[in-house]
Amino acid sequence: MSLFLSRDNLQELLGEKRKILVTGGAGFIGSALIRRLLSKSDAKIFNIDKLSYASDLRSIQQISKSISNFDQRYEFIHLDLCDFEKTLNAIDYCKPDLIFHLAAESHVDNSIKSPNEFIKSNIIGTFNILESVRISLKNYSSFRRKIFRFHHVSTDEVYGEILDNSQFEETTRYDPRSPYSASKASSDHLVKSWFHTYSLPVILSNCSNNYGPWQFPEKLIPLVIKKAIKKENIPIYGDGSNIRDWLYVEDHVDALLISSNKGELGESYCIGGNQLMTNLELVTQICSIIDEINPKPYFHKDLITFVPDRLGHDKKYSINASKIKSALGWENKVLLHDGLKKTVEWYFKFFSSQSAN
Ligand code: NAD
């Protein structure tokens with residue numbers, strides 16, 4: 001039996017919502033959300049994505065055979081949200097009952113090297129979709145306007161860094177410190193202002209670091225696995241003491257489905273697994289899982305090398321998720337060690353199929 005929301009629970013949550021649009025659905029979290037919606041609901045799913053280096057549509061194609069009427073249930077729209085006219089036309093065409101807005105440039109290192117794309121996609125892209133929705137909703141029937149929701153998917157990084165034992169919560173003051181987190185903070189403010197000014201029915205969530213299958217291979221966890229498999233040095237920034245709060249991606253998907261359908265309009269929900277680890281502990285744990293799966297005459301942790309720290313590297317993130325737990329009944333199901341094991345096993349197969357091709 002699955003740990004996550006069942007088909008019955010999901011159908012009940014969605015109620016009359018029949019058409020769901022996911023932006024950024026070719027990326028890591030968006031594709032997990034689409035796979036879940038396709039396999040556990042009857043809704044029609046639209047996926048808008050510009051297809052960047054971080055996208056991989058195989059993450060959705062791989063389940064196509066197991067979904068009846070896949071071609072009628074799923075539609076991909078190749079679109080950059082920075083183009084307002086095309087975005088407006090796409091929203092008008094899809095007429096969704098629910099939007100999950102995930103499309104964003106998401107790699108902090110890239111935002112430090114070249115912030116331009118982050119300002120465009122994360123701020124202008126969010127403005128374009130908000131405006132398109134505001135305009136398109138005028139043509140909805142009053143019933144469909146009443147059930148419509150816009151869920152903005154954001155990050156805990158908007159709150160900055162923690163230097164003591166406190167935790168981020170919904171009321172924590174925004175203090176973004178990288179071009180990535182500043183652009184996400186800006187998009188959060190835009191979304192909230194469209195709620196207050198135009199009564200757009202929005203819900204926001206701010207989640208901690210996700211991990212799981214189909215994450216772009218240059219992100220920390222897949223990179224460590226890739227380097228370990230290839231017997232290459234595994235780089236860790238600084239002394240590896242930066243602390244992150246890790247959440248398995250399917251737990252995040254549950255939280256998104258629950259908060260978008262049961263959450264209060266205009267509210268934000270902090271999402272996190274309360275599973276904190278330093279980067280060094282995390283990488284060491286991954287290495288020992290690889291030692292078990294693929295024993296070698298050496299320990300994979302011996303491949304760890306420390307490299308100069310990332311500019312403005314936030315020391316610690318930690319989320320207090322009690323609001324979504326007590327108000328909406330969400331809880332995370334996957335323990336970090338179990339999720340890491342599943343993830344390592346998945347990447348082992350993924351990287352070996354890549355090298356076989
Ligand atoms: P990702 O980089 O894997 O995927 C993002 C997708 O958005 C890509 O397929 C990309 O092509 C698409 N995209 C980017 N700009 C676009 C544009 N202008 N028009 C259309 N498509 C565009 O990212 P992810 O890790 O899946 O993150 C998804 C969302 O969740 C982001 O908004 C991110 O800020 C947020 N988030 C991520 C994490 C995490 O740990 N990965 C944690 C909290 C919040």
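Residue indices begin at 1 and follow the sequence shown. In listed order, ligands and their atoms are each counted from 1.
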- The residue among Thr172, Asp188, Asp156 that forms side-chain hydrogen bond (donor to acceptor under 3.5 Å, both in side chains) with Asn206 is Asp188
- Indicate yes or no: does an N/O atom of Cys207 lie under 3.5 Å from an N/O atom of ligand 1? no
- Query: How close does the nearest protein non-hydrogen atom get to atom 31 (C) of ligand 1, and which residue and atom is it?
  - Reply: Leu102 O, 3.2 Å
- Item | Identity of the nearest option to atom 36 (N) of ligand 1, non-hydrogen atoms only, from Ile271, Ile48, Ile29 | Ile29
- Indicate the ring-plane relationship of His101 and Phe150, choosing parallel, tilted or perpendicular according to the 30° and 60° boundaries. tilted
- Note on the structure: From the list Glu105, Glu157, His107, side chain to side chain contact (heavy atoms under 4.5 Å, CB included) with Tyr180 holds only for Glu157
- Message: Looking at non-hydrogen atoms alone, which of Ser59, Ala104, Ser121 comes nearest to atom 13 (N) of ligand 1?
- Response: Ala104
- Item | Qualifying residues under salt bridge (charged side-chain N to carboxylate O under 4.0 Å, His left out), relative to Glu250, sequence neighbours excluded | Arg36
- Note on the structure: Ranked by distance from atom 23 (O) of ligand 1, the top protein heavy atom is Ser106 OG, 3.2 Å
- Closest approach of any protein heavy atom to atom 11 (O) of ligand 1, naming residue and atom: Asp49 OD1, 2.6 Å
- Query: For atom 33 (C) of ligand 1, what is the nearest protein heavy atom, given as residue, atom name and distance?
  - Reply: Tyr180 OH, 3.5 Å
- Message: Does only the side chain of Asn206 get under 4.0 Å from ligand 1, or the backbone, or both, or neither? Count heavy atoms.
- Response: neither
- Message: Counting only heavy atoms, tell me which of Lys50, Glu105, Lys86 gets closest to atom 21 (N) of ligand 1.
- Response: Lys50
- Query: Does even one non-hydrogen atom of Ala26 get within less than 4.0 Å of ligand 1?
  - Reply: yes
- Message: Would Arg145 and Tyr140 count as a cation-pi pair here, with the cationic atom under 6.0 angstrom from the ring centre and within 45° of the axis?
- Response: no
